[in-house]
Amino acid sequence: MSDAKLPTRAEDYSEWYNQLVLRADLADYAPVRGCMIVKPYGWTLWENIQYQLDRRFKATGHLNAGFPVFIPKSFLSKEKEHVEGFSPELAVVTIGGGEELEEPLVVRPTSETIIGYSYAKWVKSYRDLPILINLWNSVVRWEMRTKLFLRTAEFWWQEGHTAHATAEEAEAETLQMLDVYADFAINEAAIPVVKGLKTDSEKFAGALRTYTIEAMMGDTKALQSGTSHNLGQNFAKAFEIQYLDRNNETQFCWTTSWGLSTRMIGAIIMTHGDDQGLIMPPRLAPWQVVIVPIYKNDAERGPVLEAVARIKAELVDAEVRVKVDDRDTVSPGFKFNDWEMRGVPIRIEVGPKDVQKNSVALSRRDRPGREGKSFVPQAGLAEQVKTTLKDIQAALLERATAFRKANTHEPTTYDEFKTVVEKGWAHVWFAGGREEEARIKEETKATVRCIPLEQPGGSGTCFYTGQPATQKVIFARSY
RNA sequence: CGGGGCGUGGCUCAGUUUGGCUAGAGCACUCGGUUCGGGACUGAGAGGUCGAGCGUUCAAAUCGCUCCGCCCCGACCA
């Protein structure tokens, strides 16, 4: 497991990340190029993410459904931009049951097309609308360069697909789900995000508009952490999703789609992790508390384990997710480092002295070393733990927000801009288009992450073209 | 697909330049003993077609050719 120190983030951020994912036991490499195996500890985190998203989807009227992993190849071609966007990264099945297939099947890279096919069958009348469906599944995109959780050939996600009678409704849905993502990121994952609109060159293939939540990672690069697309009538027209309105006139639907993936796990790692390892936000942590029993001999062992069992039961009653590390084969010191690597928010040590004094040692993962360690009475421990978990959750969000603020700059010239995007975000007035974006990317590796929904108002001078600009955008290097 | 690097026990690597003894080390693993409040110590043990194939040679991890795989950098991306 964890036998030595991680490289520090300053030494080699990429290597820090790679080793952490493996050593925190989140995931492993698969025998298939670019694919990953999500291990139980990582999958439990994903389940907690799923639960928090799913309850929000349900609360906004969506239901889950299952759709096929195979999509007829011809479906992909029906929407022009969509096929252009996805063709290069498709996995295609040409043989089934030993026979060459009449029509090759694409392993779904996303389900807009097969959804379009189905919705066209299901929608006849304005009374059938809206359709509000979400899918929990995995999709495959044959990526050139992969990195665990951030970009793999197969990844797990949810994809919501809705169909509406009007453009206004579709836009409202798109923005509502963007809000759901932002609320989830901020309040569950403790990751501050910027809600914004993607530029044309960054939007989803086939969408009218793409909205995004963008987060700053520990190396100041940006990570697109969730997207919500207003598909307009593009897919409705390609798949003939039509209905009769109140006036008995045929209309095309307006559709949306929105997704958030296991990439969020990468975001959690890179937002909160430190040189000791992971720091799990308490609300999503697989284990919120780990209890390490400490004893020298059999005489001490009994009473200690008895106290541990009692404390565990109290925490479980208080609905705290708690793990007792009763491994006899490794030392307490090893366990401390191991669980710090894995990011458990609170560690409780129970030793002979604690048994005598009815106390425990309680350590907060967000404050390493002595500073985060205190000795607290066993009486009222459950309440103390719940309060501390809330504190940690708040502290993580606060720290990440301060970090983002400290690394977001407002350059006004291209020279300043070039320096700034080496090590942070640039929040700038911008009047350029596709061509300017491409040139800036070429020269600085930075791209427009989004046009934030929250705008200062007024106008300014574009840092690049010198033209008057009416909006500020965020430029950054990204994953 | 272009440029660079690397393939030796589970992992990290030494050995390859200059071919030559039974292919080594550390970590991890198994069994025993002592330990246990910040990554324990010790004794014994198990584990290797040296990425694959062909060739050169008395002799190949080591030299040559071919292939395969992985990593890094670029072009593409939730």
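Every chain is numbered from 1, with letters handed out A, B, ... down the list of sequences. Bear in mind the structure is a predicted one, so any value in this text is a computation, not a measurement. Hydrogens, waters and symmetry mates play no part in the numbers below; they use all other heavy atoms, side chains included.
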key: Pi-cation contact, Phe149(A) with Lys147(A) (under 6.0 Å, within 45°)   =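 No cation-pi geometry.
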task = Please confirm whether Arg141(A) makes a cation-pi placement over Trp157(A), using NZ or CZ under 6.0 Å from the six-membered ring centre and within 45° of the ring normal.
result =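 Yes, a cation-pi geometry holds between Arg141(A) and Trp157(A).
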request  = May I have the distance from Glu442(A) (atom CD) to A75(B) (atom C1'), rounded to whole angstrom?
outcome  =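 Glu442(A) atom CD is separated from A75(B) atom C1' by 10 Å.
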query = How far does the C1' atom of U62(B) sit from the matching atom of C72(B), given to the nearest Å?
reply =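 Result for the C1' pair: 26 Å, nearest Å.
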inquiry  = Check for me whether the distance between the ring centres of Phe239(A) and Tyr117(A) falls short of 6.0 Å.
reply    =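 No, they do not, as the ring centres are separated by 6.0 Å or more.
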ask   = Does the gap between the ring centers of Phe475(A) and Phe430(A) come in under 6.0 Å?
value =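 Centroid separation for Phe475(A) and Phe430(A): below 6.0 Å.
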query = Where along residues 354-370 of chain A does a heavy atom come under 4.0 Å from RNA chain B, residue by residue in number order?
reply =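 When residues 354-370 of chain A is checked for heavy atoms under 4.0 Å from RNA chain B, the hits, listed by number, are Asp354(A), Ala361(A).
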task = Quick one: list whatever passes side chain to side chain contact (heavy atoms under 4.5 Å, CB included) with Glu422(A), sequence neighbours left out.
result =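 Side chain to side chain contact (heavy atoms under 4.5 Å, CB included) check on Glu422(A) returns Arg477(A).
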Watson-Crick or G-U wobble mate for [N], both contacts under 3.5 Å:
N	value
G39(B)	none
G48(B)	none
G9(B)	none
U16(B)	none

Closest listed nucleotide, where the reference is the side chain of Asp338(A) and the choices are C36(B), G39(B), C76(B) =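 Output: G39(B).
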query = Less than 5.5 Å between centroids and less than 30° between ring planes, does Phe155(A) satisfy that with A78(B)?
reply =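 The ring of Phe155(A) is stacked on A78(B).
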query = Can you check whether Lys445(A) has a side-chain N or O nearer than 4.0 Å to OP1 or OP2 of G74(B)?
reply =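 Result: yes.
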